[in-house]
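Indexing begins at 1, ligand by ligand and atom by atom, following the structure's order. We number each residue from 1, following the sequence as shown.
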Amino acid sequence: MKIHEHQAKQLMAARGIQVPLGRVARSVDEAVAAVRPLIQESGSPVVVLKAQIHAGGRGKGHFKEYPDVRGVNVITDGIEGGPSAAEERVRELAQQMLGSTLVTIQTGEEGKKVNRLYLEQGVDIARELYLAVLLDRSVSRNIVMASTEGGVEIEKVAEETPEKIIRAEIDPAIGLAAFQANELAHGLGLEAEAAKNFRRFVVALANAATELDTDLVEINPLVVTTDGQVLALDGKMAFDDNALYRHPDISEMRDETEEDPLEIAAKNAGLNYIKLDGTIGCMVNGAGLAMATMDTIKHVGGEPANFLDVGGGATEEQVTTAFQIITKDPNVEGIFVNIFGGIMRCDVIATGIVEAVKRVGLEVPLVVRLEGTNVEKGKEIIEQSGLEVTNADDLKDGAEKILELAGRS
Ligand code: ADP
Ligand code: MG
């Protein structure tokens, strides 16, 4: 699960990690009302208005409706005009940003609708660095990744100048050690006050990552101010979904408007669904069989439209929801149902499929492969249903059949 920048910063601040002062706003009026207190509290006449979406690249991104407006706006009107000038500019920008669609390098062309804004104190930036804590599966540990190249995409740095990325493994028993924090500070060329602040920052960040069960914490940029402060100017956090039960406060931060509506529907029905880019919708029971089905579709030259595991004891309700989800994806040109009747008997599943198809309707070809207990009875039910459903004998046969039928339609 991902959260917004303002939420990540709130979690960081609560753990002693330095972030700029800021306020979240869900309406134009809230954004305007945040200006004066922020200027007073921070002592800086500069404020920054930032679109909150679950994607980066906002600073260089633009709005579909207002091509000249960026996703991150540094507002300097307050320097000469005072707080009321800053307020006016914030009002104008917030009106344009809220409800509009922001397109960045990470959102893809369709962009993301902006529903909330974050107003932040303007920070005097001396240096922009990169800092992240991420799960390195090859060592089964969190690692710290840092670079002097902040504010640019880290993938680019990794490709073009990999020597500029430094790493440190976090020992789960002792956290990030002082000598490691030292080495990182040194590697980033930090000295005196800035080095001291950085060491404290990175140790606290490593602890937060462990405590919060994050998959990724990325701060790009981490900034050093002209007076040696070290602050998280941006904040991205993603959590291990399997650990969310330990963090009810974080679960509450979920913003469903940022997530795929089909994936939410699937989750609510207890289905494991991940949308992919292909054209063959798959409905399978068991994660292993689902993977094997996707592999086989690829093997015969097709592309799966999704991963969908209806579980070992799928109910008729779940099968119906699964059909609804698959058929709502406009890319789907054919559906392949591949079910092994173990816990569940094939005749029960076949009845479920027939009922689901009757309820949901079918506009694309459907191939069903059943195997296991009562398979003959199951096939009979499908054949006698009068629906246009093709039976398949085995996995490869089914994959080939659906590909052929989908290609024809
Ligand atoms: P994104 O990564 O989505 O583009 P960032 O939060 O990294 O968004 O902001 C982009 C750039 O905007 C930063 O690299 C920084 O130069 C500038 N910026 C962001 N927040 C502030 C701030 N509070 N004060 C000054 N500059 C900022
Ligand atoms: Mg950034």
Side-chain angles (χ1 to χ4, degrees), residues 2-13 17-25 31 34-35 37-39 41-63 69-79 86 89-90 93-94 97 100-108 111-134 145-158 201 205 216-227 229-238 255 258:
K2 290 183 193 164
I3 57 172
H4 288 290
E5 173 196 9
H6 75 93
Q7 295 166 324
K9 285 180 168 170
Q10 180 194 328
L11 291 170
M12 287 195 248
I17 298 163
Q18 289 287 113
V19 300
L21 296 169
R23 280 154 197 258
V24 65
V35 173
L38 194 60
I39 289 178
E41 239 183 291
S42 70
S44 160
V46 179
V47 293
V48 182
L49 190 59
K50 308 177 82 170
Q52 298 295 288
I53 54 170
H54 286 188
R58 297 163 300 165
K60 294 200 178 84
H62 66 274
F63 283 88
V69 179
R70 308 269 146 202
V72 175
N73 298 284
V74 180
I75 296 164
T76 52
D77 303 57
I79 299 175
R89 184 69 184 132
V90 166
L93 281 169
M97 292 165 83
S100 299
T101 304
L102 180 57
V103 181
T104 80
I105 195 161
Q106 289 185 11
T107 63
K112 281 201 156 198
K113 194 171 155 210
V114 175
N115 298 314
R116 48 179 116 170
L117 302 172
Y118 193 50
L119 197 76
E120 194 166 69
Q121 81 180 94
V123 173
D124 256 332
I125 304 171
R127 285 185 70 193
E128 294 199 344
L129 310 170
Y130 175 94
L131 185 67
V133 180
L134 61 149
M145 228 167 89
S147 173
T148 51
E149 308 303 293
V152 279
E153 282 201 65
I154 198 67
E155 289 81 3
K156 218 169 155 188
V157 181
F201 187 106
L205 193 73
L216 170 74
V217 183
E218 187 181 58
I219 298 171
N220 190 18
L222 173 77
V223 298
V224 183
T225 64
T226 36
D227 55 355
Q229 280 193 71
V230 172
L231 289 170
L233 217 62
D234 194 1
K236 175 176 169 182
M237 272 194 199
D255 181 356
E258 292 283 334

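Electrostatic pairing of Lys112 and Glu258 counts as a salt bridge here, judged by a charged N lying under 4.0 Å from a carboxylate O. Using a 4.0 Å cut-off between a side-chain N of Lys or Arg and a carboxylate O of Asp or Glu, Lys9 and Glu120 qualify as a salt bridge. Using a cutoff of 4.0 Å between basic side-chain nitrogens and carboxylate oxygens, Glu5 and Arg116 are not scored as salt-bridged.
Evaluated for a side-chain hydrogen bond (donor to acceptor under 3.5 Å, both in side chains) with Tyr130, the options Glu149, Glu153, Glu218 yield exactly one hit, Glu218.
Looking only at distances, a side-chain donor or acceptor of Gln121 sits under 3.5 Å from a matching main-chain atom of Leu21.
Looking at residues two or more places apart in sequence or on another chain, you find no ring-ring contact (aromatic ring centres under 6.0 Å, His included) involving His62. For Gln10, the side chain to side chain contact (heavy atoms under 4.5 Å, CB included) test picks out Met253, with sequence neighbours left out.
Defined by atom type and a distance below 3.5 Å, a donor-acceptor pair is present between the side-chain atoms of His4 and Asp255.
Residues of the protein with a heavy atom under 4.0 Å from ligand 1 are Val48, Lys50, Gly56, Gly57, Arg58, Gly59, Val72, Glu120, Gln121, Gly122, Val123, Ile125, Glu128, Asn220, Pro221, Leu233, Asp234, listed by chain and number.
Around the Mg ion (ligand 2), protein N, O or S atoms at a distance under 2.8 Å total 2; waters are neither shown nor counted.
Side chains of Arg58 and Ile53 form a contact here, defined as non-hydrogen atoms less than 4.5 Å apart.
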